[in-house]
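We use all heavy atoms of the structure for the numbers below, so side chains are in, but hydrogens, waters and symmetry mates are not. As the structure is a computational prediction, the values presented were derived from the model and not from experiment. Protein chains get the first letters and strands the later ones, always in sequence-line order, with residue 1 at the start of each.
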Number of protein chains: 2
Amino acid sequence: MLDPVLIPKSGVTREELASRAACLGNHLKKANIPLAVVGYPPDLYYFTGSIQLGYALVTWEGETIYLVKKDPERARIESPLEKVIPYRRFSEIKDAVRGLFGKIPETFTLSLDVVPTNLFLRFKDVLDRARIEDDSAFIRSCRMIKSPYEVENIRQGIKIYDAVLRRVSDLLKEGMTEAEAEGALVFEMRRHGHQGLVRMRGWDQEGIDGYLYAGRSAAVPSFLDAPLGGAGMTPAVAIAGGNHRIGRNEPIVFDASPGVNGYVSDQTRTMVFGQLSEKLENAYRVAVEMVQRFEAEAKPGDLCGDWFDTMEKMAARAGLRDHFMGFEDKRARFVGHGIGLELNEWPVLGKGLTWRLDPGMVVAVEPKMVFPEAGVVGIENDYLITETGVARLSVTDDALIVL
Amino acid sequence: MLDPVLIPKSGVTREELASRAACLGNHLKKANIPLAVVGYPPDLYYFTGSIQLGYALVTWEGETIYLVKKDPERARIESPLEKVIPYRRFSEIKDAVRGLFGKIPETFTLSLDVVPTNLFLRFKDVLDRARIEDDSAFIRSCRMIKSPYEVENIRQGIKIYDAVLRRVSDLLKEGMTEAEAEGALVFEMRRHGHQGLVRMRGWDQEGIDGYLYAGRSAAVPSFLDAPLGGAGMTPAVAIAGGNHRIGRNEPIVFDASPGVNGYVSDQTRTMVFGQLSEKLENAYRVAVEMVQRFEAEAKPGDLCGDWFDTMEKMAARAGLRDHFMGFEDKRARFVGHGIGLELNEWPVLGKGLTWRLDPGMVVAVEPKMVFPEAGVVGIENDYLITETGVARLSVTDDALIVL
């Protein structure tokens with residue numbers, strides 16, 4: 001018997017899980033599909049409160065059954081769901097589906113953006129060659145609107161970032177390598193309660209707890225779907241802090257995502273030992289003006305793409321167009337994104353994107369200015385969209401930090 | 001222009017990449033398939049020396065073309081390959097394939113264990129509905145046999161673990177939470193050159209740099225395909241160190257995978273503030289006897305499954321059968337596994353598995369004894385299979401560490 005006292009709790013309630021399942025159920029009904037089979041860890045956690053090895057069966061009526069292969073005893077302690085059912089063989093999934101509907105439905109869904117092909121084929125096989133549709137847009141749409149419980153967890157991560165920032169003067173030293181400085185701040189995040197893991201959706205993206213880079217090294221582009229990448233320590237990682245030693249008067253960027261109960265925050269501040277050049281200081285000021293404008297003016301109904309355009313225009317007016325979110329042809333086409341159980345959630349505040357801001361969305365807005373020969377300056381704050389505008393979640397002030 | 005001096009180098013040579021492509025090419029020839037399309041980051045890195053966003057086209061003749069969407073300039077600096085070709089639209093992959101063969105081949109391969117279904121369908125579409133076979137067994141078989149360059153990188157990771165172990169008396173304190181202790185040792189790994197990331201194959205597995213847990217908390221089972229999981233800080237992570245405070249006389253297990261140039265090591269030692277009970281000390285001694293027996297007797301040609309049986313028998317003789325690799329019905333069915341660019345490589349030293357040890361394999365052997373009411377003791381060492389036996393790569397000695 002597993003002693004429940006050993007298992008950490010997330011505080012999510014059965015009622016909250018029911019309302020999430022109802023959201024997915026509504027999408028399923030509209031698509032006339034009776035069943036979603038959810039196994040991708042962040043999605044599974046969203047619907048069950050647990051990420052043990054297994055699947056959540058979510059019906060169009062909003063009922064959820066959690067099938068668990070490993071470890072069922074733990075899953076039962078973690079999940080507030082009523083139906084947590086152990087299984088051993090893949091074929092038992094069929095029995096569970098038949099139990100729900102009296103037969104195997106003609107169509108069901110998987111998240112085809114992340115489910116590997118072999119697993120897709122295995123499901124096709126075990127569920128009588130039923131048609132399989134993609135539910136990733138359904139699930140990502142539900143996850144886009146955060147509950148108060150979810151916002152509170154993101155707030156906890158935001159406070160961890162702030163607690164770490166209060167200690168940067170003690171922890172960072174001129175001449176440290178980026179990697180060592182990054183390691184020191186990530187350790188400090190952990191000491192303040194960071195869960196120790198950051199998730200990104202996509203088979204070719206990789207979650208990193210915190211990125212710290214300085215000077216020219218920060219401007220090195222990478223595979224990452226982000227404005228910055230960083231040199232990294234090796235081509236095998238090719239992002240985040242590397243072997244560059246932090247010098248005097250060069251901008252240091254710390255972009256980090258402390259997480260609590262799965263929910264990650266995402267914030268950036270710029271720091272310097274000494275003083276930035278006038279050009280860089282001015283660029284930082286423009287970036288701060290961008291987040292402050294968003295904070296003052298954004299409201300439900302705004303087009304996400306318009307906010308990209310607005311900020312791009314502000315950059316252009318300040319003579320920074322070729323440095324906004326990258327340099328020359330290496331510029332990212334977005335200036336913000338949703339955060340939650342993954343770092344790259346919906347909506348995306350990107351060129352031409354037609355999502356509208358909606359109450360309950362939580363977005364990270366991250367204007368960054370890239371100068372290949374000097375480095376990067378920028379800021380990133382987290383905001384909750386409210387009924388009337390936005391609420392700033394970030395508690396760290398927006399000023400450049402002189403170490 | 002990206003300044004090459006900013007980009008870290010891995011030291012892999014064009015010749016080594018050619019011999020890797022030749023290995024995959026031989027598998028393709030045997031299967032009568034002209035082309036493999038490789039995009040999964042660790043596999044892409046294996047064939048190109050770079051993990052920028054894109055695909056390696058590997059032909060049955062062992063030719064490799066590296067198509068790069070983001071960032072091509074960086075890829076050209078990182079990869080020793082001759083043909084590094086930028087692309088922007090997915091359809092250009094078709095042009096590249098036609099360029100290689102004069103037409104689209106009837107069959108090609110992807111790694112269907114990891115390629116998401118939507119991407120599979122997109123490839124199917126763009127390459128004229130050609131047949132797509134799974135190459136994951138080909139690639140994992142090639143990767144199973146390490147070159148001297150690869151072994152040398154694993155050795156560097158092993159040395160990092162040893163350097164961290166030399167500092168545990170300074171870094172760990174009684175009463176620290178597991179999470180804080182884990183964070184301190186992972187930071188120390190980073191300071192000694194750990195790349196800051198550990199990869200595991202599988203959509204439902206997650207790489208963690210180092211696991212530290214103590215007492216009963218270490219015995220908490222999880223979703224992870226591993227003998228241990230740990231309580232973790234939250235059900236959203238559900239593995240690794242949690243909020244338990246390290247007490248006197250309880251076993252502390254530190255299982256970590258420092259990596260260099262993509263290649264991870266994997267080692268475990270058991271530590272204690274004070275003294276272990278006789279039962280636990282005896283169980284640790286039995287685990288050490290297991291790795292020492294492997295070290296003395298393992299040789300090419302041995303069946304992997306036999307080594308699991310041998311160790312299970314040793315456990316049974318010592319009265320530890322129900323504690324070997326887990327407890328009761330929660331026991332893992334393997335005692336070792338390959339390591340390399342991922343933590344869970346081939347071969348697996350597991351019940352009934354028919355791989356034979358072969359020169360060039362590098363395996364982590366990890367006998368662990370689990371006592372739900374007291375904690376876990378165990379050891380994990382890394383070994384290179386040689387022409388005549390095994391070479392111990394681990395440099396830390398096998399003794400229990402009293403803090």
Given a strict heavy-atom distance threshold of 4.5 Å, which part of [X] is in contact with chain A: side chain, backbone, both, or neither?
| X | result |
| --- | --- |
| B/Glu180 | both |
| B/His244 | neither |
| B/Glu206 | side chain |
| B/Lys330 | side chain |
| B/Arg191 | side chain |
| B/Tyr40 | both |
| B/Leu6 | both |

Chain B contact via [X] - side chain, backbone, both or neither, heavy atoms under 4.5 Å:
| X | value |
| --- | --- |
| A/Ile208 | side chain |
| A/Ile51 | both |
| A/Asn261 | both |

Main-chain N/O of A/Phe223 paired with B/Gln52 side-chain donor or acceptor, under 3.5 Å: yes

Closest-packed option against chain B by number of heavy-atom pairs under 4.5 Å, given A/Ala184, A/Ser10, A/Pro372: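 Winner by heavy-atom pair count: A/Ala184.
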
